[in-house]
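These notes concern the structure reproduced below.
For ligands, and for the atoms within them, numbers begin at 1 and follow the listed sequence.
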Amino acid sequence: MKTALSFAAPTPIETDCLAVVVLDEGAVKDQPQPKAQVSGNAADDQAIHAVLASLTTEELSGKIFEMVLVHHPPGLKAKRLLLVGGGKAKSFSAFELRRVAGAAVRFLKPKGIRSFTFLMPLLGTDPIAAVKAIVEGAFVADYDPDTYKSDRKDQRLDSLTIAVTGEVQHDALEAAMEQACIIGESQNFTRALVNEPSNRMTPSMLAERAWKMAQEVGLGCEVFGADKLRELKMGAFLSVAQGSDEEPRLILMRYEPEDAPEEPVLGLVGKGITFDSGGISIKPSEGMEKMKYDMAGGATMIGAMRAIALLKPKVRVLGIICATENMPSGKAQKPGDVQIAMSGKSIEVINTDAEGRLVLADGLYWARQLGATHLIDAATLTGAVVVALGHINAGIFSNNEDMYGCFEQAEKRAGEKMWRMPLDADYLELLRSNIADMMNVGGRWGGAITAAMFIKEFVEDTPWIHLDIAGTAWVEENKAWIAKGPSGIALRSIVEYVVAGVRS
Ligand code: BES
Ligand code: ZN
Ligand code: ZN
């Protein structure tokens, strides 16, 4: 998808479709019916205003994702005018704009419209945030997961132009648009990895894809197998891999610009379970096919590294992906087995299905050994986080208030929803083992928290963010702004955090 900025007024723009956001301004005094209004400068455009005035409130109220398509709009050069509801004017922000832009893309594509112009609404005083939101929203919406349908209609958008009116800094907007394209493309790169079934995305195939991408964008990338895991004494990671006929892969990506200071060094660690059957503690067959996306955390880190390499921030970043299958077999680990992690801690594996925390324990510990001063991990870690937060918010945990504060800001800029969960020391009691330093599960209650507490034992005092994306990595049904399938959650927040300089 090509993107461009246009600084022309709306009336003379020649385009297949001009999309304009309309907002619900609420009831006005002496005019009880709420009336949709075009936001910002476009409100001054007589032609758009006339179309709006010709519609009844029932036809167009400004409700979010409401669409009215007008052909040959009088007074405009555009072939069509799409009026897109943006919801309540009072609460309209970059978050809504991102989804509204996406909804416009998903509405127009099946109609054969491959290029259109989106009239930028005024978002307070921040046109940069508006441009980013529109472009990112359009990329998210453009992604089509139906790659294996033989009657697939490839409906990629060819081009999107954002029409900007008013006094704005052209250079800054161009730069924001370029950034947003990189982020949007990287998010879709991650989604394409997550979308693959496990027979087409084994640990070695995931490593191959990461390596190829790294060559393309100029990242350092090394890929290791079981021998290296043994050499590093990654007993926790190896214990998960031992049940599978597929070789595990430990992927290390390095972004080390010469002009970056020695510190901070951010370690991005991803869970890359390319299929999670549960192992000997096997999962029920119903829904097991979904466990192909248990490598979403790893794919997020690969996509984030891609974006970072292209955006070139002056900060060092390591990407580590622990990729393996979790399978039952005669060689698989069994409940009750004791494993020694790379850190030297002993783990009693009560449930072989709690494998994500085992691979992350070694991945995070290794990141620290390689010099990471700050850590972020992403993982489809627990069913419990889905019980707690549903499919709306990702679970976020942190052992450092300052790092959390900076990440929270990044999350807001990225328009991603995450909800903080606690890490009180009291929860650690639940992991106490009779035979080893800790068990890998903490019982029925607070499962997302005990999983995070387990990982925390390997992170110790290093500032750390843990993202449990089990409920948010896969969109369960088509939405106005995004197709059912892999979401690419967390990539944008991580990249925003890095671009702002990895602060804590
Ligand atoms: N990969 C699963 C978690 C998961 C659940 C991801 C739903 C995506 C959607 C993880 O490895 C797992 O099986 N966790 C167990 C832990 C339990 C045995 C303590 C779970 O959540 O049931
Ligand atoms: Zn599992
Ligand atoms: Zn898993």
Which atoms of ligand 1 are found less than 4.0 Å from any heavy atom of [X]?
{"X": "Arg357", "answer": "16 (C), 19 (C)"}
{"X": "Met291", "answer": "1 (N), 6 (C), 7 (C), 8 (C), 9 (C)"}
{"X": "Lys283", "answer": "2 (C), 12 (C), 13 (O)"}
{"X": "Thr380", "answer": "1 (N), 2 (C), 3 (C), 6 (C)"}
{"X": "Glu355", "answer": "11 (O)"}
{"X": "Lys271", "answer": "1 (N), 10 (C), 11 (O)"}
{"X": "Asn351", "answer": "18 (C)"}

Measure from the Zn ion (ligand 3) to each N, O or S atom of Asp353 and report whether any distance is below 2.8 Å. no

How about Lys271: does one of its N, O or S atoms come closer than 2.8 Å to the Zn ion (ligand 3)?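 So Lys271 does bind the Zn ion (ligand 3) by this criterion.
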
Report the C-alpha distance between Thr373 and Glu263 in whole Å, list the side-chain angles of each, state the deciding distance to 0.1 Å, and finish with yes or no for side-chain hydrogen bond (donor to acceptor under 3.5 Å, both in side chains). CA-CA 7 Å; Thr373 59; Glu263 286 189 353; 5.5 Å; no

Does Glu222 have more than 12 heavy atoms from other residues, nucleotides or ligands lying within 6.0 Å of its CD?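 Buried by this count: over 12 neighbours within 6.0 Å.
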
Mark yes when over 12 heavy atoms from residues, nucleotides or ligands other than Asp151 sit less than 6.0 Å from its CG; otherwise mark no. yes

Have a look at ligand 1 and work out which part of Asn326, if any, has a heavy atom under 4.0 Å from it: side chain, backbone, both or neither.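 Looking at Asn326 and ligand 1, no heavy atom falls under 4.0 Å.
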
What residue among Asn326, Asp353, Thr352 forms side-chain hydrogen bond (donor to acceptor under 3.5 Å, both in side chains) with Ser281? Thr352

Starting at CZ of Phe275, measure out to NZ of Lys290 and round the result to the nearest 0.5 Å.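 Between Phe275 CZ and Lys290 NZ, I get 12.5 Å after rounding to 0.5 Å.
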
What's the atom name of the N, O or S in Glu355 nearest to the Zn ion (ligand 3)?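 Considering only N, O and S atoms, Glu355 comes nearest to the Zn ion (ligand 3) through OE2.
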
Is there an N/O/S atom in Asp294 that lies less than 2.8 Å from the Zn ion (ligand 2)?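 False for Asp294.
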
Residue among Phe139, Phe65, Phe107, Tyr143 satisfying ring-ring contact (aromatic ring centres under 6.0 Å, His included) with Trp481: Phe65

Nearest non-hydrogen partners of [X] and [Y], listed with the distance:
{"X": "Gly86", "Y": "Val100", "answer": "CA-CG2, 3.9 Å"}
{"X": "Lys345", "Y": "Asp437", "answer": "CA-OD2, 3.4 Å"}
{"X": "Gly447", "Y": "Thr382", "answer": "O-CG2, 3.8 Å"}

Could you check whether any heavy atom of Arg444 sits closer than 4.0 Å to an atom of ligand 1, since that is the contact criterion I want to use? no

Quick one: which of Trp474, Tyr293, Phe275 has a heavy atom closest to atom 9 (C) of ligand 1? Tyr293

Give the single entry among Val385, Val441, Asp353, Ile350 that approaches atom 12 (C) of ligand 1 most closely by any heavy atom.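 Selected option, by shortest heavy-atom distance: Asp353.
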
